[in-house]
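Numbers here are sequence positions counted from 1. Order of appearance sets the numbers: ligands from 1, and atoms from 1 within every ligand.
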Amino acid sequence: MRENDAPTPTESPSPFAFRALLREQRVWDTGDAGLPPFDPAQAPGDPLTLFHLWFAGAAAAGQPEPHTMTLATAGADGLPDARTVMLHDADDRGWHFATHTTSRKGSQLAARPYAALAFYWHAQARAVRVRGPVHPAPPAETSADLHARPTGALAAAIAGRQSEVLGSIEELRSTYESAWRRAERDPAAQAPTWAGHVVVPDEVEFFQGDAHRQHVRLRYVRDAADAADPGAVWRRELLWP
Ligand SMILES: Cc1cc2nc3c(=O)[nH]c(=O)nc-3n(C[C@H](O)[C@H](O)[C@H](O)COP(=O)(O)O)c2cc1C
């Protein structure tokens, strides 16, 4: 049963009911708890430190799945695309995720190794955006990470074929069952198409929602002169909401 005990709808609402439902939705309905304060003048000099702080804050505030994010890419045609992926790490190198090189996003990243990430943590009315070039993660690191995850993760990675057209649900079941058996039999099995990627930040923006719509936006921009320097200096600027 869902938290509010409301029955799950079994029929689509009419367009009228849908629009009414849409209008009655609210954001940042945190009641007495209020929204967390954010003073950009006190923000750290680098975005990674602030990201770690906000991530820990989102987890502590009960934000479900704060490690999920929207990954936006563009292919050779320049058209945008987006989907949800999991954050595997955020460190001095950048923001890490893993996927199949043969998937749609894999082909897009091969054609244009550049991406944007978006996190939305409604429990604290916070959002974070990251943009930059995408570099391959060291394969040994990706493999170690995959093999430290539950059997299902390895089975899905072995099965591959992500984003190919699927003939039937039965085909999916039988492929995954045999991939699962293989993952159990050989927990060190390699998944050739599974690859780690690192978004190296050129820009990172932090958005703190405000009940009176005076949202605070703080953008960190990597100083072009220091682009090749991992200890780069960041320029900070406020943005109109
Ligand atoms: C919560 C959540 C987490 C996901 N995590 C990943 C992930 O870490 N890697 C991945 O390849 N796909 C992940 N997916 C699936 C993607 O959203 C997407 O369906 C898949 O990667 C195919 O995308 P593409 O066709 O654009 O390549 C996740 C989906 C959800 C809903």
Report the nearest protein non-hydrogen atom to [atom]: residue, atom name, distance rounded to 0.1 Å.
| atom | result |
| --- | --- |
| atom 21 (O) of ligand 1 | Lys105 NZ, 2.5 Å |
| atom 13 (C) of ligand 1 | Thr84 O, 3.6 Å |
| atom 12 (N) of ligand 1 | Gln162 NE2, 3.6 Å |
| atom 6 (C) of ligand 1 | Val85 CA, 3.6 Å |
| atom 25 (O) of ligand 1 | Ser163 OG, 2.6 Å |

Against heavy atoms of [X], which atoms of ligand 1 measure under 4.0 Å?
| X | answer |
| --- | --- |
| Thr68 | 1 (C) |
| Arg83 | 16 (C), 17 (O), 18 (C), 23 (O), 24 (P), 26 (O) |
| Ala98 | 7 (C), 8 (O), 9 (N), 10 (C), 11 (O) |

May I ask you to check whether [Y] and [X] place their ring centres under 6.0 Å from each other?
| X | Y | answer |
| --- | --- | --- |
| His197 | Phe97 | yes |
| His215 | Trp28 | yes |
| Phe55 | Phe119 | no |
| Phe207 | Trp240 | no |

Based purely on interatomic distance, does [X] place a nitrogen or oxygen under 3.5 Å from a nitrogen or oxygen of ligand 1?
| X | value |
| --- | --- |
| Thr99 | yes |
| Met86 | yes |
| Arg104 | yes |

Check the angle between the aromatic planes of Trp194 and His100 and answer parallel, tilted or perpendicular using the 30° and 60° thresholds. perpendicular
Pi-cation contact, Trp54 with Arg126 (under 6.0 Å, within 45°): yes
Phe206 vs Phe38, test: ring pair (Phe, Tyr, Trp, His ring centres under 6.0 Å). Steps then yes/no. CA-CA 10 Å; Phe206 295 83; Phe38 174 50; 7.3 Å; no
Does Asp81 have a heavy atom less than 4.0 Å from any atom of ligand 1? no
Taking all non-hydrogen atoms of both residues, which atom of Gln162 and which atom of Ser103 are closest, and how far apart? OE1-CB, 3.2 Å
Output yes when a protein non-hydrogen atom is found under 4.0 Å of atom 23 (O) of ligand 1, and no otherwise. yes
Nearest 0.5 Å please: distance from the CD1 atom of Ile169 over to the OG atom of Ser174. 11.0 Å
